[in-house]
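The structure appears below as structure tokens.
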Amino acid sequence: MLKSLQSTKRLHNGIEIPYVGLGVFKMTDPQETVQAVQTAIESGYRSVDTAAIYKNEESVGEGVRNTKVNREDLFITSKVWNSDQGYDSTLKAFDESLKKLDMSYLDLYLIHWPVEGKYKETWKALERLHNEGVVKSIGVSNFHQHHLEELLKDSNEKPVINQVELHPRLSQEPLRAFCKENDIAVEAWSPIAQGKILDEPTVNHIAGKHEKSPAQIILRWHLQNDVVIIPKSVHKDRIIENADLFNFELSMEEMNQISGLNLDERFGPDPDNFDF
Ligand SMILES: NC(=O)C1=CN([C@@H]2O[C@H](COP(=O)(O)OP(=O)(O)OC[C@H]3O[C@@H](n4cnc5c(N)ncnc54)[C@H](OP(=O)(O)O)[C@@H]3O)[C@@H](O)[C@H]2O)C=CC1
Ligand SMILES: O=C1CO[C@H](CO)[C@@H](O)[C@@H]1O
């Protein structure tokens, strides 16, 4: 496990998701997005995480098509936005995402946020899309444990993954434990805390010892915690750096030191108080 950029995590449905993917939030310039996606794939990435709300699905599709890599060797994720939640509107939103990406299927489709009173109907639509084969796996994002418990009560399928804000300042240990017990993979958004903790002294000390960058230390911490990561960068050197994580290992002590930086601090909204 964790031998190369192509290392994958097996989801509970048997499908493999690459441990490292490219995040594309805030890539708003089409040319920049096409270039970043193409660069990532040509550098060995096989997974891209987009969403309808990022308004860059067309550029993601174009970046993918610019490479020589076959569609079936890639793992493409998108998400249904909050205002599209509900059964029929989710089916429609999915079709629009697929059309914009210019793809015949998605590897993973996520409920972006647990919109109260809507997410269960939305989940039924995802189950239908899965049954129809136009999406290989279905999951959720920004679900607290209580949202997952509610969903698991009366759904036919359980989510393969929960994509949540997760980094050393928000280590999400209880949620990760719950997901592990329930065989739901965890994927970190803002895995390097949007670049906001890269000057943290403990991380820098460990980085110096391994001759790696602070970003690489944090990303390696995620991998050793069995967490899937989707760091975002538009810069080729950082895209490569953020995936160059497989030639060193953090000791148990270093892992604990990084985990000790947790402050339960969010840089994004709390799913319970998000203004939808
Ligand atoms: N489900 C959800 O609700 C959410 C999902 N996401 C997903 O997660 C992805 C990643 O999260 P995101 O919020 O983008 O934050 P990240 O933690 O990935 O940080 C991205 C920021 O860090 C910079 N950066 C990237 N690599 C390095 C590096 N090696 N050294 C220094 N700085 C670096 C980037 O700048 P630059 O590009 O200039 O290199 C950018 O400003 C998103 O792109 C999106 O796909 C994000 C938010 C919410
Ligand atoms: O993924 C995300 C980034 O974009 C959205 C807002 O524009 C966020 O709410 C969301 O969590």
Side-chain angles (χ1 to χ4, degrees), residues 17-29 32-33 35-37 39-40 43 45 47-57 59-60 63 75-85 97 107-115 119 139-144 147 159 161-172 175 185-200 203-204 207 212-222 227-245 265-276:
I17 182 172
Y19 269 103
V20 183
L22 180 74
V24 300
F25 176 43
K26 288 188 183 158
M27 287 193 200
T28 46
D29 177 70
E32 190 176 61
T33 308
Q35 193 56 56
V37 170
T39 298
S43 308
Y45 284 63
S47 166
V48 181
D49 177 84
T50 185
I53 195 70
Y54 303 167
K55 306 215 178 303
N56 58 15
E57 290 170 307
S59 307
V60 168
F75 193 101
I76 308 296
T77 301
S78 193
K79 318 180 190 89
V80 55
W81 185 240
N82 304 341
S83 52
D84 287 322
Q85 287 203 35
S97 281
D107 294 281
L108 179 62
Y109 198 45
L110 304 178
I111 300 182
H112 207 140
W113 289 87
V115 178
Y119 67 81
V140 296
S141 176
N142 297 304
F143 273 45
H144 281 312
H147 296 117
I161 212 161
N162 187 14
Q163 183 188 110
V164 293
E165 182 179 351
L166 172 53
H167 44 69
R169 289 285 185 225
L170 181 69
S171 61
Q172 300 266 28
L175 180 64
V186 176
E187 184 173 33
W189 64 253
S190 293
I192 57 166
Q194 301 161 10
K196 289 173 183 161
I197 57 165
L198 298 178
D199 55 358
E200 201 291 321
V203 172
N204 277 270
K212 289 282 170 183
S213 72
Q216 288 172 315
I217 296 301
I218 295 173
L219 294 169
R220 180 72 202 189
W221 171 79
H222 284 292
V227 167
V228 174
I229 51 174
I230 43 172
K232 173 262 176 189
S233 182
V234 292
H235 297 104
K236 184 173 183 178
D237 53 344
R238 289 178 175 176
I239 289 173
I240 293 169
E241 175 187 325
N242 292 345
D244 179 18
L245 307 171
E265 180 185 5
R266 290 178 188 276
F267 294 104
D270 184 325
D272 276 337
N273 304 312
F274 189 39
D275 180 10
F276 296 103

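In listed order, ligands and their atoms are each counted from 1. Values below: all heavy atoms of this structure, side chains included; hydrogens, waters and symmetry mates excluded.
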Hey, what do you get for [atom1] ([X]) to [atom2] ([Y]), rounding to the nearest 0.5 Å?
X      : Y      : atom1 : atom2 : result
Asp49  : Trp189 : CG    : CH2   : 11.5 Å
Lys212 : Ile218 : NZ    : CD1   : 14.5 Å
Lys55  : Thr28  : NZ    : OG1   : 12.0 Å
Trp113 : Trp81  : CH2   : CH2   : 7.0 Å
Arg238 : Ser213 : CZ    : OG    : 9.5 Å
Ile192 : Ile197 : CD1   : CD1   : 8.5 Å

Flag the pair [X] / [Y] as yes when at least one side-chain heavy-atom distance between them is below 4.5 Å, and no otherwise.
X      : Y      : result
Gln85  : Tyr119 : yes
Val164 : Gln172 : yes
Asp272 : His147 : yes

Discussion item. Counting only nitrogen or oxygen atoms and a 3.5 angstrom limit, does Pro231 reach ligand 1?
Written reply: no
Worksheet item: N/O to N/O below 3.5 Å, does that happen between Leu198 and ligand 1?
Response: no
Practice prompt. Measure across Ser78 and Glu57 and return the closest heavy-atom pair with its distance rounded to 0.1 Å.
Written response: OG-OE2, 2.6 Å
Check [X] against ligand 1 and report side chain, backbone, both or neither, counting heavy atoms closer than 4.0 Å.
X      : value
Ser233 : both
Asn242 : side chain
Lys232 : both

Can you tell me the protein heavy atom closest to [atom] and the distance?
atom                    : value
atom 35 (O) of ligand 1 : Arg238 NH1, 3.4 Å
atom 4 (O) of ligand 2  : Phe25 CE1, 3.1 Å
atom 12 (P) of ligand 1 : Ser190 OG, 3.6 Å
atom 1 (O) of ligand 2  : Tyr54 OH, 2.5 Å
atom 19 (O) of ligand 1 : Gln194 CA, 3.3 Å
atom 47 (C) of ligand 1 : Trp189 CE3, 3.2 Å
atom 38 (O) of ligand 1 : His235 CE1, 3.0 Å
atom 10 (C) of ligand 1 : Ile230 O, 3.1 Å

Quick one: which ligand 1 atoms are inside 4.0 Å of a heavy atom on [X]?
X      : result
Asn142 : 1 (N), 2 (C), 3 (O)
Ala193 : 17 (O)
Phe25  : 42 (C), 43 (O), 44 (C), 45 (O)
Ala215 : 28 (C), 29 (N)
His112 : 1 (N), 2 (C), 3 (O)

Worksheet, complete the sentence: Nearest non-hydrogen contact to atom 11 (O) of ligand 2 from the set Trp113, Trp189, Phe274 belongs to Trp113
Worksheet item: Relative to atom 7 (C) of ligand 1, which among Asp49, Leu22, Val24 owns the nearest non-hydrogen atom?
Response: Asp49
Do any nitrogen or oxygen atoms of [X] come within less than 3.5 Å of a nitrogen or oxygen of ligand 2?
X      : value
Asn142 : no
His112 : yes
Trp81  : no

Practice prompt. Answer yes or no: is there a donor N or O on one side and an acceptor on the other, between the side chain of Asn204 and the main chain of Leu198, under 3.5 Å?
Written response: yes
Worksheet item: Distance-only, no hydrogens or angles: does the Asp244 side chain make a donor-acceptor pair with backbone N or O of Ile240 under 3.5 Å?
Response: no
Practice prompt. Kindly indicate, with the supporting measurements, whether the criterion side-chain contact (heavy atoms from CB on, under 4.5 Å) is fulfilled by His144 and Asp270.
Written response: CA-CA 9 Å; His144 281 312; Asp270 184 325; 2.8 Å; yes
Discussion item. Applying the side-chain contact (heavy atoms from CB on, under 4.5 Å) criterion to Val37, which one of Asn56, Ile76, Thr50, Val24 satisfies it?
Written reply: Val24
Worksheet item: Would Tyr54 count as a contact of ligand 1 if the rule is a heavy atom under 4.0 Å away?
Response: yes
